[in-house]
Amino acid sequence: MSPEESKSHRPTLPTTFDPATFEMKWYRQQEESGLFRPESAPADAVPFTMVIPPPNVTGRLHVGHALGRTLEDILARWRRMQGRAVLWVPGVDHAGIATQMVVERDLFDRTGRTRHDLGREEFLDLCHEWGYARRHDILDQIRRLGCSCDFSREYYTIDEVRSRAVRRVFCELYHQGLAYRDNRMVNWCPRCATVLSDLEVNHTEQNGHLWSIAYPLSDGSGEIVVATTRPETMLGDTAVAVNPEDERYRDFVGKSVDLPLTDRKIPVIADSFVDMTFGTGAVKVTPAHDASDFEAGRRNNLASVLVIGFDGKMTKDAGGAYEGLDRFEARKKVLRDLEARGLRRGEKSHLNAIGRCQRCDTILEPLVSLQWFVKIKPLAEKAMQAVDSGQVVFTPDTWRKTFDEWMRNIRDWCISRQLWWGHEIPAWYDKDGNVFVPKPGEPDPPESLGLTRDPDVFDTWFSSWLMPFSVLGWPEKTEDMKRFYPTDVMVTGFDILFFWVARMIMAGCWFPGDVPFRNVFLHGLVRDERGHKMSKTRGNVVDPLEMCDEYGADAVRFTLAVLSGTGRDLPFGKSRTAGYRAFATKVWNATRFAIGMLGDEPPKPLAPFHSLSLIDRWILSRLSSACAKVNASLEVFRFDEAAGALYAFFWSEFCDGYVEFVKPVLRDPALPEAEKEKTRAVLHLVLMRSLALLHPFMPFVSCEIREALNGDGARLPQEAFPASVPEWDDPLAVATVEILRGTITRIRNLRAERGLSQTVVLEAILEVPEGDLAPSLESQRGLLMSLARLGTLTIGGKAEVEGAFHDAIGPVGLAVVLPRTELTPEEAAKRRKEIAALDKDIAALEAKLSDEGFRAKAPAAVIEKARKQLQDLTSRREKLLVNLPGGSA
RNA sequence: AGGGGGUUAGCUCAGCGGCAGAGCGUCUGCCUUACACGCAGUAGGCCAUCGGUUCGAAUCCGAUACCCCCUACCA
C-alpha cells in the first residue's frame with residue numbers, strides 16, 4: 001500500500017480499536033504467506049526449533065496452554081525476525097483414557113451401546129474418527145492466540161509416523177533387555193479398569209483408623225495383635241511379621257497363627273522392615289495388596305493371595321462369605337465379624353496417605369499384576385549426565401535440583417494399560433506364555449505361527465516422550481531430523497517435569513542419541529486474579545479464548561508474558577488484562593498522534609546522529625537501551641523483563657516524554673522546516689522500531705498499526721528485530737533530559753500545591769554545576785519554558801533569590817519566583833521531614849566515607865559515587881533550607 | 001520422613017552485595033485538539049525474626065517462626 005492510499009483511511013482510525021476487526025485478518029495473511037514455515041527463511045539460515053507440548057485432543061485450550069504457547073510464540077517470532085529458520089511443530093495428544101471414556105460415553109448416549117457391544121476394531125475406528133474430527137478444534141484455538149506454528153508439519157501422537165516411532169522404541173528396549181514383563185505390585189484403578197504408573201497417582205492425606213486385631217496362635221498359647229488400616233486385606237494375609245530385635249515377640253517367631261475368618265494357618269516371621277514403635281509392632285503381611293508387604297513376601301518366600309479383584313470387589317479367594325462384596329463393604333463386614341468373634345482389640349484415628357486415580361479420583365487398589373515395565377535406570381543415567389554437563393539447561397535453574405532428585409530415585413515405569421485406545425503393544429505370546437517381540441524394523445510375526453497378540457496398549461506418555469524427534473520423522477533419517485534436531489527450547493509447566501520433560505530427555509539421549517532440546521523453560525501455574533487455583537467446582541476458571549474475545553489476543557498474550565516472570569503462581573484475570581489492553585490502546589493512539597504530525601510526505605531518512613536535537617538524541621539513546629534490554633531478557637527467557645522494558649520505554653519515555661517534547665517543537669512556527677523534518681524522521685523511526693519490538697508480544701495490533709503508519713503491516717513479521725545501536729549512546733542527552741523532566745515535575749508540583757493554574761506564568765532560575773550540563777540545558781531553554789510555563793528562565797549563576805521558592809533536582813538548584821514565597825505549614829512539615837531523611841543519609845555517607853575500611857577496600861567507583869552523592873545531598877539540603885521558616889531544621 | 005521454595009508498598013510480584021522498584025489499587029486536580037483503556041501530581045516499605053560473614057547485607061551464611069509445593073511402602 002502506498003503512502004497515498006494509507007492516508008485515505010487515516011481519518012477513520014478511531015480512538016479505541018476493536019481487535020476482532022483485524023486479528024484474524026492478519027493471522028490468515030501470515031499463515032497463508034508461508035511465514036510460519038522454516039522454508040520462508042533463506043536456506044542457510046540457522047534453524048530454531050520447538051515442539052508444542054501436545055494438548056489433549058478431548059480438551060479445550062485452557063489458560064495454562066495459552067501461557068506456554070504465548071511464550072513459545074514470542075520466542076518464535078523474535079527468532080524469526082532475527083533471521084532464524086523457525087520450525088515450531090504443533091500437534092495434539094491422543095489421550096488414551098480420556099478419549100476412550102469420552103467416545104464410550106458418546107456412543108452410549110447416542111446408541112445405548114457399549115464398546116463391548118461394538119467390538120474392539122469398530123470402537124477403535126470410532127476413536128480415530130472422533131480424534132481426527134476434534135483435533136482441529138484445539139489447533140484452531142492455538143491459531144486464535146496468534147501462534148506461528150508450522151501447521152504443514154502438524155502431528156497427532158497416534159498417527160502413522162508417530163506409531164512407527166513408538167513401535168521402534170519398544171522393540172529396541174525389549175531387545176536391549178530394558179523392556180520386561182513381570183508380575184509386580186501396581187496401582188490399579190478399578191473404575192478405569194487399568195493399571196497406572198506411579199506418576200498418575202495422587203496422594204491425599206485422609207483421616208482413617210488404625211484397628212488392632214488379635215490373631216490367635218495355632219497352639220493355643222495366646223494371641224498376637226496386629227495393627228492395620230485396611231482390615232479387609234487380612235483375608236489375603238500370608239504371614240505376620242515382627243522385628244527380629246523385638247524382645248516382646250521373640251518367642252512368637254516360627255510359630256503359626258490361625259488367620260481369623262479363614263481356615264488358613266500363617267507363620268509368624270521376623271523381618272527388619274517392621275517398625276517396632278508403630279502400632280503393636282506386629283504387622284499382618286498381605287503380599288498381594290501392599291507394596292512393602294509384596295517386598296517382604298518376596299524376601300520370605302510367602303504365598304500371595306489376591307483377595308480384591310480388578311473390579312474392586314472381593315474375589316473367590318477372599319472366602320465365600322465375602323466374595324463379590326465391594327472392598328469397602330468388605331471392610332465393614334470383616335470388622336463386624338471380628339467383633340462377633342471377640343478379636344477386635346481397639347481402634348484409634350490415624351492419618352494416612354492414600355493413592356487416588358489422577359483421572360477419576362477413585363481410591364486405587366495396589367495389587368499384583370502382570371504388566372510391561374521399562375527398566376529406567378540406564379536411561380536415567382544418560383539423561384542426568386546430559387543435564388549435569390549442561391547440554392540441557394533448565395530455566396529457572398532451581399528445577400534442575402528437583403529433576404536430579406527424582407532421577408536419582410527413579411523407579412521402573414509401568415507402560416502397559418488395559419485400554420483399547422492407544423498404541424497396541426507389539427508383543428505376542430504362544431500357548432506356553434513365551435514372549436515374541438519383533439526386532440527393530442521387522443514386521444509382525446506371521447499369523448501362521450498361531451501367536452496371540454498382547455491385548456493391552458501403551459501408556460500415552462510412552463508416545464509423548466518421543467515427541468521432540470518423532471515429530472521430525474524419526475526413526476527415518478529425514479531431512480527435518482538432520483536439520484532441526486536437537487530442538488532449541490521446550491516450554492512447559494513445571495507440573496509435568498517428571499511426566500514428560502524428564503522422560504523426553506531420557507528418550508532423546510537414548511534413541512537418537514542426542515538431547516531433545518537445549519533449553520527447558522518451566523513456567524508456573526496460572527491462577528485466578530486473587531491467587532486461587534482455578535477449578536470447575538470453585539467456578540473461577542478463566543477461559544483464555546473468552547478473554548481474547550473480550551480484550552484481544554494481544555492483551556492476553558502481553559499479560560501472560562508479564563506474569564511469566566513471577567513465582568510459581570501466576571495471578572491472571574480481567575483487571576490485569578484490561579491494563580495491558582490499555583497499553584495496546586496507548587500504542588494505537590500514539591500512532592494516531594504521529595500520523596497527524598508526520599503529515600503526508602513520506603518520512604525522510606534519519607539525519608546524522610550528531611546533527612540531531614538533544615531530545616531526538618535522547619529518545620534514540622533510550623530506544624537503543626530498550627532494544628538491548630528486550631533482547632538480553634528474551635535470551636534468558638525473562639519474558640516479564642522484556643515486556644516490562646518495552647512497556648516502560650514506550651509509555652513513560654516515548655509517550656510521556658518524547659511526544660510531549662516534540663509537540664511544541666513541531667508546532668513552533670519559528671523553527672526551520674529542515675529541523676522539523678529531522679525530528680519527524682526520528683519520531684517515525686522510533687515508532688517503527690517500537691512496533692517491531694512489540695510484534696512478538698502483540699502480533700496483531702502491531703501489524704494493524706504498522707499498516708496505518710507505514711502501509712507495511714504484512715512485512716513487519718519479517719523485519720529485522722531491533723537491536724541496540726551503540727552510536728546512539730548519549731549519556732549527556734540522557735542526563736540533561738532527566739534534569740529537564742525533573743524540573744518540569746517540580747514546577748508542576750509547585751503549581752498543584754499552591755493552586756496556581758497553568759495560565760500563571762512563572763519565573764525560574766537554574767543553578768547548574770560546572771561542566772557540559774549547563775550548555776546542554778541551555779539548548780533546551782525553549783522547551784523547558786514551554787512545558788513548565790515559564791515567562792523568564794535564567795540558567796547559570798546562583799539560584800538563591802530573595803523571596804523565591806527553592807528546590808533541587810539532583811545537582812541542579814532551582815529557584816522559582818512566586819507571588820507568595822513563604823511555605824504553607826504543610827509544605828514546611830513535608831520539607832522538614834525530607835531534611836530529616838537527608839540528614840540521616842548524609843550522616844551515613846559521611847560515616848562511610850570516613851571509614852578506613854571502606855576507603856581501603858571499596859572499589860574506587862563506589863567511593864567516587866558516594867562522594868558525589870554526599871555532595872548532591874548536601875547541596876540539596878542547603879537549597880531546601882532556603883525559605884524554610886526557622887532556618888535550619 | 002526426605003527434598004525444594006516462599007516471607008519486600010493495600011494486592012500480585014521483580015530486585016539477590018554498594019541511595020528500596022514495577023503493575024494494579026488509593027488519594028488530589030484535570031474531558032489540555034493522540035489517548036478518560038487518558039493526563040498531571042501525591043501518599044505508601046525497620047525488605048518475617050535473631051545471630052554471623054563483610055568496609056558495606058533486602059541481597060551471602062546459619063538458626064527460628066509461620067506458609068506453599070514435590071517426592072515417599074511406615075502397616
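Below, chain A is the first sequence line, B the second, and so on; all start at residue 1.
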Checklist entry - Which value, in whole Å, describes the distance between the P atoms of nucleotides G10(B) and C46(B)? => result 9 Å

Checklist entry - Out of curiosity, Glu365(A) CD to Trp188(A) CH2, how far, rounded to the nearest 0.5 Å? => result 11.5 Å

Next on the checklist: Need one value for Arg408(A): base, sugar-phosphate or nothing, where a base atom within 4.0 Å counts as base even if backbone is also close, heavy atoms only.
Outcome noted: nothing

Item to check | Between U28(B) and G21(B) - P atom distance, rounded Å | outcome: 26 Å

Next on the checklist: I'd like to check the salt bridge (charged side-chain N to carboxylate O under 4.0 Å, His left out) partners of Glu653(A); sequence neighbours left out, ordered by chain and number.
Outcome noted: Arg622(A)

Checklist entry - Roughly how far apart, to the nearest Å, are A58(B) and A40(B) at atom P? => result 34 Å

Checklist entry - Under 4.0 Å between a side-chain N or O of Lys865(A) and OP1 or OP2 of C19(B)? => result yes

Checklist entry - When the nearest nucleotide of RNA chain B is assigned to Glu405(A) and to Arg855(A) on a heavy-atom basis, which residue is associated with the more 5' position? => result Glu405(A)

Next on the checklist: Here's one to test your reading of the geometry: is the NZ or CZ of Lys401(A) within 45 degrees of the ring axis of Phe394(A) and under 6.0 Å from its centre?
Outcome noted: no

Next on the checklist: So that I can compare with my own list, what are the stems of RNA chain B, taken as at least three consecutive Watson-Crick or G-U pairs with distances under 3.5 Å?
Outcome noted: B:1-7 with B:65-71, B:10-13 with B:21-24, B:27-30 with B:38-41, B:48-52 with B:60-64

Checklist outcome for this item: With the side chain defined as heavy atoms from C-beta on, Gln869(A) is closest, among C13(B), C19(B), G18(B), to C19(B)

Just the atom pairs and distances: protein N or O near nucleotides 41-48 of chain B's N or O, under 3.5 Å.
unit_1: G41(B); atom_1: OP1; unit_2: Thr745(A); atom_2: OG1; d: 3.0
unit_1: G41(B); atom_1: O2'; unit_2: Asn749(A); atom_2: ND2; d: 3.4
unit_1: G44(B); atom_1: OP1; unit_2: Lys833(A); atom_2: NZ; d: 3.1

Checklist entry - Looking across every strand, which nucleic acid part, if any, lies under 4.0 Å from Pro366(A) by heavy atom: base, sugar-phosphate, or nothing? => result nothing

Checklist entry - Does a side-chain N-to-carboxylate-O contact under 4.0 Å join Arg581(A) and Glu550(A)? => result no

Next on the checklist: For residues 740-752 of chain A, which residue pairs pass the salt bridge (charged side-chain N to carboxylate O under 4.0 Å, His left out) check, not counting sequence neighbours?
Outcome noted: Arg746(A)-Asp807(A)

Checklist entry - Looking across every strand, which nucleic acid part, if any, lies under 4.0 Å from Thr286(A) by heavy atom: base, sugar-phosphate, or nothing? => result nothing

Checklist outcome for this item: Syn within 90° of 0, anti beyond: C46(B) is syn

Next on the checklist: Can you confirm if the aromatic rings of Tyr580(A) and Tyr647(A) lie within a centre distance of less than 6.0 Å?
Outcome noted: yes

Checklist outcome for this item: Nucleotide by nucleotide, nucleotides 20-35 of chain B touches protein heavy atoms under 4.0 Å in the pattern (B base, S sugar-phosphate only, - none) ---BS---------BB

Checklist entry - Is there a side chain to side chain contact (heavy atoms under 4.5 Å, CB included) between Gln358(A) and Glu200(A) once you walk through the steps? => result CA-CA 5 Å; Gln358(A) 198 182 50; Glu200(A) 289 160 293; 4.0 Å; yes

Item to check | Sugar-phosphate or base contact per nucleotide [nucleotides 69-75 of chain B; S, B, -; heavy atom under 4.0 Å] | outcome: SSSSBBB

Next on the checklist: Could you tell me how far apart Lys848(A) (NZ) and G17(B) (P) are, to the nearest whole angstrom?
Outcome noted: 16 Å

Item to check | Integer angstrom distance from the P of U7(B) to that of A75(B) | outcome: 34 Å

Next on the checklist: Under the salt bridge (charged side-chain N to carboxylate O under 4.0 Å, His left out) definition, can you give me all pairs with a residue in residues 268-278 of chain A, not counting sequence neighbours?
Outcome noted: Asp271(A)-Arg299(A)

Next on the checklist: Roughly how many Å apart are G17(B) and C47(B), using the C1' atom of each and rounding to a whole number?
Outcome noted: 15 Å

Next on the checklist: A side-chain contact here means heavy atoms from C-beta on lying under 4.5 Å apart; do Phe498(A) and Phe403(A) qualify?
Outcome noted: no

Side-chain atoms of residues 858-869 of chain A: list all donor-acceptor pairs with protein atoms under 3.5 Å, sequence neighbours left out, distances to 0.1 Å.
unit_1: Lys868(A); atom_1: NZ; unit_2: Asp872(A); atom_2: OD2; d: 3.3

Item to check | Atom pair distance, as rounded to whole Å: CD in Glu852(A) and C1' in G56(B) | outcome: 15 Å

Item to check | Separation between the C1' atoms of A57(B) and G38(B), rounded to whole Å | outcome: 42 Å

Item to check | salt bridge (charged side-chain N to carboxylate O under 4.0 Å, His left out) against Asp18(A), all qualifying residues, sequence neighbours excluded | outcome: none

Next on the checklist: Test of understanding: with salt bridge (charged side-chain N to carboxylate O under 4.0 Å, His left out), list the residues that count as partners of Asp841(A), not counting sequence neighbours.
Outcome noted: none

Next on the checklist: Nearest whole Å is fine: how far is G5(B) P from Phe394(A) CZ?
Outcome noted: 15 Å

Checklist entry - Leu845(A) has an atom CG; how far is it from atom C1' of G56(B), in whole Å? => result 12 Å

Next on the checklist: I'd like the P distance from G51(B) over to U12(B), given in whole Å.
Outcome noted: 29 Å

Checklist entry - Who pairs with Asp246(A) by salt bridge (charged side-chain N to carboxylate O under 4.0 Å, His left out), at least two apart in sequence or on another chain? => result Arg248(A)

Item to check | Atom-pair distance (CD on Glu641(A); P on A14(B)), nearest Å | outcome: 11 Å

Next on the checklist: Is the distance from the ring center of Phe637(A) to that of His523(A) below 6.0 Å?
Outcome noted: no

Checklist entry - Phe661(A): what forms a ring-ring contact (aromatic ring centres under 6.0 Å, His included) with it, not counting sequence neighbours? => result Trp618(A)

Item to check | Whole-Å P distance, C50(B) and G4(B) | outcome: 26 Å

Checklist outcome for this item: Between CG of Leu563(A) and C1' of C13(B) the distance, given in whole Å, is 9 Å

